[in-house]
Amino acid sequence: MAQENIDIPDDFELPVGAFDIPRCYDGDLKSVIIPEGMIRDRVRRLAKDIHEVIGNEQLALLCVLKGSYKFFTALVDELSSARYSCPEPMTVDFIRVKSYEDQSSTGMIQIMGLANLEELRGKNVLVVDDIVDSGQTMAKLLHTLKENGVKQSWTALLVSKRVSRMIQVPENFVAFRIPDKFIVGYGLDYNQKFRDLNHICVMSSKGIERYKNK
Ligand code: HPA
Ligand code: MG
């Protein structure tokens with residue numbers, strides 16, 4: 001069956017006051033655009049889609065830190081269930097990529113923690129990332145993996161932003177397509193804050209000002 005997506009419309013915003021948000025973030029958020037429950041439901045289906053395409057092959061899951069830590073654990077849990085009868089175990093690896101400061105990319109993409117990249121040589125790798133917008137970070141990462149002899153790679157993305165890409169990158173499994181708004185929560189940060197928030201939210205101008213890097 002063809003994969004379907006969820007496109008969050010440009011004007012879709014749920015009231016923050018209708019959700020249980022930590023008090024420390026009072027006034028910092030404008031709206032909720034993807035509640036945690038919807039993420040959970042969507043990730044379950046995404047795992048089934050991934051299993052249907054990749055099948056019972058060996059699979060190495062690569063978590064791109066920090067932003068995808070929540071998505072990654074949810075996806076690994078669901079993939080474990082989807083691959084219940086699979087004779088090949090999955091493995092997990094972690095790398096760290098950094099490019100954003102305030103609301104924009106610094107243009108410098110740092111890939112860190114690649115000490116064990118050699119372990120991925122000859123493997124099928126599913127790269128699990130939180131967000132694709134310009135495509136630059138993912139392009140650099142996929143290039144690095146290829147250079148290091150990865151056999152085949154796919155990408156699983158929590159959100160894909162509807163903005164024009166500077167570089168086209170494969171978006172094999174996408175949970176949500178979202179408008180061009182700066183979002184936080186469910187692992188995504190604004191200057192390292194808001195990762196612990198369990199819903200995906202749009203920030204208020206007050207919040208943006210409050211946590212701006214001085
Ligand atoms: N939020 C947080 N981090 C990001 C975003 C965003 O909207 N886009 C790229 N990195
Ligand atoms: Mg970030």
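Both counts, for ligands and for their atoms, begin at 1 and track the order of listing.
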Next item on the list: Apply salt bridge (charged side-chain N to carboxylate O under 4.0 Å, His left out) to the pair Lys70 and Glu36, showing each step before the final yes or no.
Entry: CA-CA 11 Å; Lys70 271 181 189 278; Glu36 182 190 24; 5.7 Å; no
Margin query: Show me which atoms of ligand 1 lie under 4.0 Å from any heavy atom of Leu188.
Written below: 2 (C), 3 (N)
Next item on the list: For Asp189, counting its heavy atoms only, list the atoms of ligand 1 lying under 4.0 Å from any of them.
Entry: 2 (C), 3 (N)
Item checked: Salt bridge present between Lys212 and Asp102 (N-O < 4.0 angstrom) -> no
Next item on the list: State which residues pass side chain to side chain donor-acceptor pair (under 3.5 Å) with Arg40; sequence neighbours excluded, sorted by chain then number.
Entry: none
Notebook entry, point to check: What's the atom name of the N, O or S in Asp189 nearest to the Mg ion (ligand 2)?
Noted result: OD1
Margin query: With the threshold set at under 4.0 angstrom, would you say Ile131 reaches ligand 1 through any of its heavy atoms?
Written below: yes
Check: Who's closest to atom 8 (N) of ligand 1 heavy-atom-wise, of Asp133, Thr137, Val132?
Finding: Asp133
Notebook entry, point to check: Between Asp49 and Arg45, is the closest basic N to carboxylate O distance under 4.0 Å?
Noted result: yes
Notebook entry, point to check: For ligand 1, does Ile183 get within less than 4.0 Å through its side chain, its backbone, both, or neither, judged by non-hydrogen atoms?
Noted result: both
Check: Charged N to carboxylate O under 4.0 angstrom, Asp28 versus Arg210?
Finding: yes
